[in-house]
Asks: 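This is the structure I want to talk about, given as structure tokens.
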Amino acid sequence: MILQAGQLKKKGSTKMVLEPYLMKPIGLAELSEIQRLQQDVYDQLLNKSVLVTDSYESMTQDLQAGGMVIGVYNGNGKLIAYRFITFPKGEAHNLGMDLNLTTPALSRVAHLETTVVHPEYRGNHLQSQTLGVALPMIQQQGYQHVLCTVSPMNPYSLYNVMSHGLKIKLLKRKYATEEQKDGLWRFILHRDLQEKHGIQIDQWLNVGLTEFERQSNLISNGFQGVSLSQERSALHYVKYAGAL
């Protein structure tokens, strides 16, 4: 099933060239090439803390449990980007638990996991395009709450998910490892696909992207991060009328 098709700009050695692309659902049969692309992109990252990679085993389990991957292929049939989505339900890593969602709501949570784009195809808004395709698919499957984590050091990804209506609901350390025992700073973002619009804003504040303590205090006092400045340097936090 083809979800989208068109042309992309590819970064060449001397000029930008146009290439055809196809966007389509992929899965276990393509897992090896998904893993290769993930590793290629990870190896080229200057700040590797912005991406927590998914292992072959964990992706296999998630896909077998109903997860999905939206893949983007170039004209030569090479995977150049993908977006991974999972449905954690009652699993302990369900981000809805961080936000104290009710037990029924936890069963309707979708996670936006890794999104990877080959460096030669960046600048084509593939993160945004795959998310725009994914959200209706998530809703059609009966899920209501879309959640993800984003590193404060990754303003490009943060801008993309916030432009699709996800709001910062929490800032905390996640993904502790042997090397990073305290975990990595992550925004937890959330969108209720059934949320009604038109709620009145009571207060509006601009906060520096890395002002973690101030943001944590605002969140504790009922504020939510709703957008990122075009310069990617400041977050816009609001408090809605009636919020505690």
Asks: For the atom pair OG1 (T114) and CD1 (I85), what is the distance rounded to the nearest 0.5 Å?
Replies: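 Here the rounded value is 10.0 Å.
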Asks: Hey, could you give me the CE/CD distance between M68 and E113, rounded to the nearest 0.5 Å?
Replies: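 Interatomic distance, M68 CE to E113 CD, rounded to 0.5 Å: 11.5 Å.
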Asks: Any donor-acceptor pair under 3.5 Å linking the side chain of D62 with the backbone of T86?
Replies: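 No: the side chain of D62 does not pair with the backbone of T86.
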Asks: Between H93 and P88, is there a donor-acceptor pair closer than 3.5 Å when you use the side chain of the first and the backbone of the second?
Replies: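 Checked: no pair found.
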Asks: Hey, what do you get for CZ (F187) to CG (N154), rounding to the nearest 0.5 Å?
Replies: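 Going from CZ on F187 over to CG on N154, the span is 11.0 Å.
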Asks: Look at atom NE2 of H125 and say whether more than 12 heavy atoms of other residues, nucleotides or ligands are closer to it than 6.0 Å.
Replies: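 Counting neighbours around NE2 of H125, 12 or fewer heavy atoms of other residues, nucleotides or ligands fall under 6.0 Å, so no.
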Asks: Between V133 and L112, is there a shared hydrophobic cluster once you connect ILVMFWY residues whose side-chain heavy atoms come closer than 4.5 Å?
Replies: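 V133 clusters together with L112.
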Asks: Please tell me whether Y156 and Y121 are part of a single hydrophobic cluster in this structure, the criterion being side-chain heavy atoms less than 4.5 Å apart.
Replies: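 Different clusters.
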Asks: Which residues satisfy the side-chain hydrogen bond (donor to acceptor under 3.5 Å, both in side chains) test with S32, sequence neighbours excluded?
Replies: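 Result, side-chain hydrogen bond (donor to acceptor under 3.5 Å, both in side chains) vs S32: none returned.
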Asks: Group every Ile, Leu, Val, Met, Phe, Trp and Tyr by side-chain heavy-atom contacts under 4.5 Å, then state whether V50 and V52 land in the same group.
Replies: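 Hydrophobic grouping puts V50 apart from V52.
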Asks: Do R186 and Y175 form a cation-pi contact, if we require the NZ or CZ to be under 6.0 Å from the six-membered ring centre and within 45 degrees of the ring's axis?
Replies: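 No; the conditions do not both hold, so R186 does not lie above the ring face of Y175.
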Asks: Say you draw a straight line from CG of L147 to CG of L189; how long is it, rounded to the nearest 0.5 Å?
Replies: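 Rounded to the nearest 0.5 Å, the CG-CG separation comes out at 8.5 Å.
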Asks: Would the distance check show the side chain of N94 and the main-chain N or O of G90 forming a donor-acceptor pair, the cut-off being under 3.5 Å?
Replies: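 The answer is no, because no donor-acceptor pair under 3.5 Å joins these two groups.
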Asks: Return the minimal non-hydrogen interatomic distance between L171 and P152, and the atom names on each side.
Replies: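 What the structure gives for the nearest pair is CD1-CG, 4.4 Å.
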Asks: Could you check whether any side-chain N or O of N206 sits under 3.5 Å from a backbone N or O of H236, counting only pairs where one atom can act as donor and the other as acceptor?
Replies: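 No.
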Asks: Show the nearest heavy-atom pair for residues G183 and R173, with the distance to one decimal.
Replies: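 Nearest heavy atoms, G183 then R173: O-NH1, 3.0 Å.
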Asks: Just wondering, more than 12 heavy atoms not from K174 lying within 6.0 Å of its NZ?
Replies: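 Enclosed.
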Asks: Parallel, tilted or perpendicular for Y143 and F87, by the 30°/60° rule?
Replies: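 It falls in the parallel class, under 30°.
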Asks: Check whether Y42 forms a cation-pi arrangement with K48 (NZ or CZ under 6.0 Å from the six-membered ring centre, at most 45° off the ring normal).
Replies: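 So K48 does make the cation-pi contact.
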Asks: side-chain contact (heavy atoms from CB on, under 4.5 Å) between M162 and I168: does it pass, once the steps are laid out?
Replies: CA-CA 8 Å; M162 296 186 85; I168 294 172; 4.0 Å; yes
Asks: Strictly distance-based, threshold 3.5 Å: is any side-chain N or O of S58 a donor or acceptor partner for the main-chain N or O of D54?
Replies: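 The answer is no, because no donor-acceptor pair under 3.5 Å joins these two groups.
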Asks: Start with the C-alpha gap between L18 and L8, add the side-chain angles, then the distance that decides, and say whether side-chain contact (heavy atoms from CB on, under 4.5 Å) holds.
Replies: CA-CA 5 Å; L18 289 176; L8 295 174; over 6 Å; no
Asks: Test your reading of the model: is there a side-chain donor-acceptor pair from Q129 to the backbone of L126, 3.5 Å cut-off?
Replies: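 A pair under 3.5 Å: no.
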Asks: Cluster partners of L37, using ILVMFWY side-chain heavy atoms under 4.5 angstrom, listed by chain and number?
Replies: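 Noted: L37 shares its cluster with I26, L28, L31, I34, V41, Y56, M59, L63, V69, Y73, L79, Y82, F84, V116.
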Asks: Is there a side-chain contact between V161 and C148 (heavy atoms, below 4.5 Å)?
Replies: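 Yes; the side chains approach each other to less than 4.5 Å.
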Asks: So which atom in P155 and which in L209 form the shortest heavy-atom distance, rounded to 0.1 Å?
Replies: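 For P155 versus L209, the nearest heavy atoms are CB-CD2, 4.0 Å.
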Asks: Carefully, step by step, assess L3 and M137 under the rule side-chain contact (heavy atoms from CB on, under 4.5 Å).
Replies: CA-CA 11 Å; L3 300 172; M137 294 174 69; 4.2 Å; yes
Asks: Answer yes if M153 and L166 sit in the same cluster of Ile, Leu, Val, Met, Phe, Trp and Tyr residues linked by side chain heavy atoms under 4.5 Å apart, and no otherwise.
Replies: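 Yes, M153 and L166 fall within the same hydrophobic cluster.
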Asks: State which residue, out of Q144, H145, Q141, fulfils the side-chain hydrogen bond (donor to acceptor under 3.5 Å, both in side chains) condition with R108.
Replies: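 Single pass found, and it is Q144.
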Asks: Is the distance between the ring centroids of W204 and Y237 under 6.0 Å?
Replies: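 When the ring centroids of Y237 and W204 are compared, they turn out to be at least 6.0 Å apart.
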Asks: Enter the distance from L51:CG to S151:OG here, rounded to the nearest 0.5 Å.
Replies: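 Nearest 0.5 Å value for the CG-OG distance: 10.0 Å.
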Asks: Report the distance from atom CD of E33 to atom CG of D40, rounding to the nearest 0.5 Å.
Replies: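 The CG atom of D40 is 12.0 Å from CD of E33, to the nearest 0.5 Å.
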Asks: Considering all heavy atoms of both residues, which atom of Q215 and which atom of T210 are nearest to each other, and what is their separation?
Replies: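 For Q215 and T210, the tightest heavy-atom pair comes out as NE2-N, 4.3 Å.
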Asks: Would you say D192's side chain and Q194's backbone share a donor-acceptor pair under 3.5 angstrom?
Replies: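 Here the side-chain-to-backbone pair exists.
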Asks: What is the minimum heavy-atom distance between T149 and I188, and which atoms define it?
Replies: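 Shortest heavy-atom contact: CG2-CG1, 4.1 Å.
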Asks: Please give me the minimum heavy-atom distance between R83 and T130, naming the atom from each residue.
Replies: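 Looking at all heavy atoms of both residues, the shortest contact is NE-OG1, 3.0 Å.
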Asks: Taking only Lys NZ, Arg NE, NH1 and NH2, and the carboxylate oxygens of Asp or Glu, determine whether E120 and K78 approach each other closer than 4.0 Å.
Replies: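 No.
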Asks: Could you walk me through whether E19 and K10 satisfy the salt bridge (charged side-chain N to carboxylate O under 4.0 Å, His left out) test, starting with their C-alpha distance in whole Å, then the side-chain angles of each, then the deciding distance to 0.1 Å, before giving a yes or no?
Replies: CA-CA 7 Å; E19 280 193 3; K10 180 183 178 183; 3.7 Å; yes
Asks: Among all residues two or more places apart in sequence or in another chain, which pass the side-chain hydrogen bond (donor to acceptor under 3.5 Å, both in side chains) test with Q224?
Replies: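 Q224 satisfies side-chain hydrogen bond (donor to acceptor under 3.5 Å, both in side chains) with no residue once adjacent residues are dropped.
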Asks: Please evaluate residues M23 and I2 with respect to the criterion side-chain contact (heavy atoms from CB on, under 4.5 Å), reporting the C-alpha separation (whole Å), side-chain torsions for both, the decisive distance (0.1 Å), and the verdict.
Replies: CA-CA 6 Å; M23 186 186 298; I2 305 302; over 6 Å; no
Asks: Answer yes if L46 and W185 sit in the same cluster of Ile, Leu, Val, Met, Phe, Trp and Tyr residues linked by side chain heavy atoms under 4.5 Å apart, and no otherwise.
Replies: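 No, separate clusters.
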Asks: For Q127 and S157, run side-chain hydrogen bond (donor to acceptor under 3.5 Å, both in side chains): C-alpha distance rounded to whole Å, both residues' side-chain angles, the deciding distance at 0.1 Å, then the answer.
Replies: CA-CA 7 Å; Q127 281 200 34; S157 292; 3.1 Å; yes
